[in-house]
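Order of listing sets the numbers, starting from 1, for every ligand and every atom in it.
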Amino acid sequence: MDLTQIANPSFLKKFNKEQMTELAKEIRKFLIHNLSTTGGHIGPNLGVVELTIALHKLFDSPQDKIIWDVGHQAYVHKILTGRAGQFDTLRQYKGLCGFPKMSESAHDVWETGHSSTSLSAAMGMAAARDMQSGSNYVVPVIGDGALTGGMALEALNHIGHLKTNMIVVLNDNEMSIAPNVGALHAVLGKLRTAGKYNSAKDELEYLLKRIPAVGGKVAAAAERVKDSLKYLLVSGVFFEELGFTYLGPIDGHDFTDLERNIQYAKKMDGPVLLHVITKKGKGFRPAEDDKIGTWHGTGPYKIETGDFVKSPTTAPSWSGLFLKRLGRLLERINVWQLSHLRCL
Ligand SMILES: Cc1ncc(C[n+]2csc(CCOP(=O)(O)OP(=O)(O)O)c2C)c(N)n1
């Protein structure tokens, strides 16, 4: 398939699992090849290939709002929404933006760069939808790194309180730029290893339904067993306690698992959290093996060896200039000012 011929994601509606698997392979090849000359956020994008295909197959963008947090993982989304032909201009003046950009496409419904804004944006879009009695889906996609940002936690608090209809996709690759840390990371770790709470719950419900009903007491007891089961199976049902229906963990590279859970989420009322497990750098050995975030975003590289190619440009970098200027300003600060600063 010539990816540059894609105009919009509607062709995916008829794609079967084999065709999607083939498409995922081609997108990975395209990304690895193109980014080797332009540089770019290769690790995050290789990790969301299947997830992005599944989202664009099962939702109707741009009526349904897919909101990419941080936005550096939106390359696959850009390919599926008609921008593959512009990838050779990435990271160049007036070239394809490396983040969602509303002026580029109607499918880019939110502009990002800074992390942790997607849930708040989703809350606003869902509130606007509800005020207009709309029925579109709102689907923020947030990474486990971005989820630790204060603004994201504030939005979780708000969404869980209002029980707003939306499907939050948590793209958990265990990495921020470097490996993720913190208490929330530990909670996600427990959920990842706890197994499929929902399928276990469904099985228990099935068994309970087969017990002949002996009146309300048995039914009430069964409900209590079901409720306590989640505590047995998942230590600390963090998201459920916040008011979300938690679905997961879901294999983010398995179309069947993704499709089953997304379809299930679409039928539910209230906020749903899909906990999708992905592998950063999937399909490119140096990026997959990366343990410290070297392949989060890179300059040009050699595909065969994974060695970075030194940029031929002699122009100073923005961050280099910033550091130089900051250094000069600091040199001007005298000792009195420094001790005064320490008191603040
Ligand atoms: C407010 C803010 N803080 C820090 C950053 C720097 N930053 C860019 S990407 C990123 C990590 C995001 O990790 P995650 O959301 O898990 O996405 P992944 O790259 O792993 O897919 C960070 C911290 C930022 N863009 N915005």
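Counting the atoms of ligand 1 from 1 in the order shown, those under 4.0 Å from a heavy atom of Gly143 are 14 (P), 15 (O), 16 (O). The contact set between ligand 1 and Lys280, taken as ligand atoms under 4.0 Å from a residue heavy atom, comprises 18 (P), 19 (O), 20 (O). When each atom of ligand 1 is checked for a heavy atom of His114 under 4.0 Å away, the hits are 1 (C), 2 (C), 24 (C), 25 (N), 26 (N). Atoms of ligand 1 lying under 4.0 Å from at least one heavy atom of Met175, given by number and element, are 13 (O), 14 (P), 16 (O), 20 (O). Within ligand 1, the atoms closer than 4.0 Å to a non-hydrogen atom of Pro44 are 19 (O), 21 (O), numbered from 1 in the order shown.
Note: Tyr246 and Phe238 fail the aromatic proximity criterion, with ring centroids not under 6.0 Å apart. A distance below 6.0 Å separates the ring centres of Phe284 and Tyr301. Taking the six-membered ring for Trp and the full ring otherwise, Trp110 and Phe99 have centroids separated by 6.0 Å or more.
The closest protein non-hydrogen atom to atom 15 (O) of ligand 1 is Ala146 N, 2.9 Å. Among all protein heavy atoms, the one lying closest to atom 21 (O) of ligand 1 is Asn173 ND2, 3.2 Å. Taking atom 4 (C) of ligand 1 as the reference point, the nearest protein heavy-atom neighbour is Ser115 OG, 4.3 Å. With hydrogens left out, the protein atom closest to atom 6 (C) of ligand 1 is Ile177 CD1, 4.3 Å, a heavy atom.
In terms of heavy-atom proximity, Ser116 sits nearest to Ala146 at OG-O, 2.7 Å.
Under the salt bridge (Lys or Arg N to Asp or Glu O under 4.0 Å) criterion, Asp130 pairs with no residue, sequence neighbours left out.
Considering only non-hydrogen atoms, atom 25 (N) of ligand 1 lies nearest to Gly113 out of Ala178, Gly113, Gly145. Nearest-heavy-atom check against atom 17 (O) of ligand 1 across Met151, His185, Gln73, His72 picks out His72.
Not a single heavy atom of Gly47 sits less than 4.0 Å from an atom of ligand 1.
Sorted by first and then second residue, the ring pair (Phe, Tyr, Trp, His ring centres under 6.0 Å) pairs involving residues 116-164 (not counting sequence neighbours) are Phe59-Tyr137.
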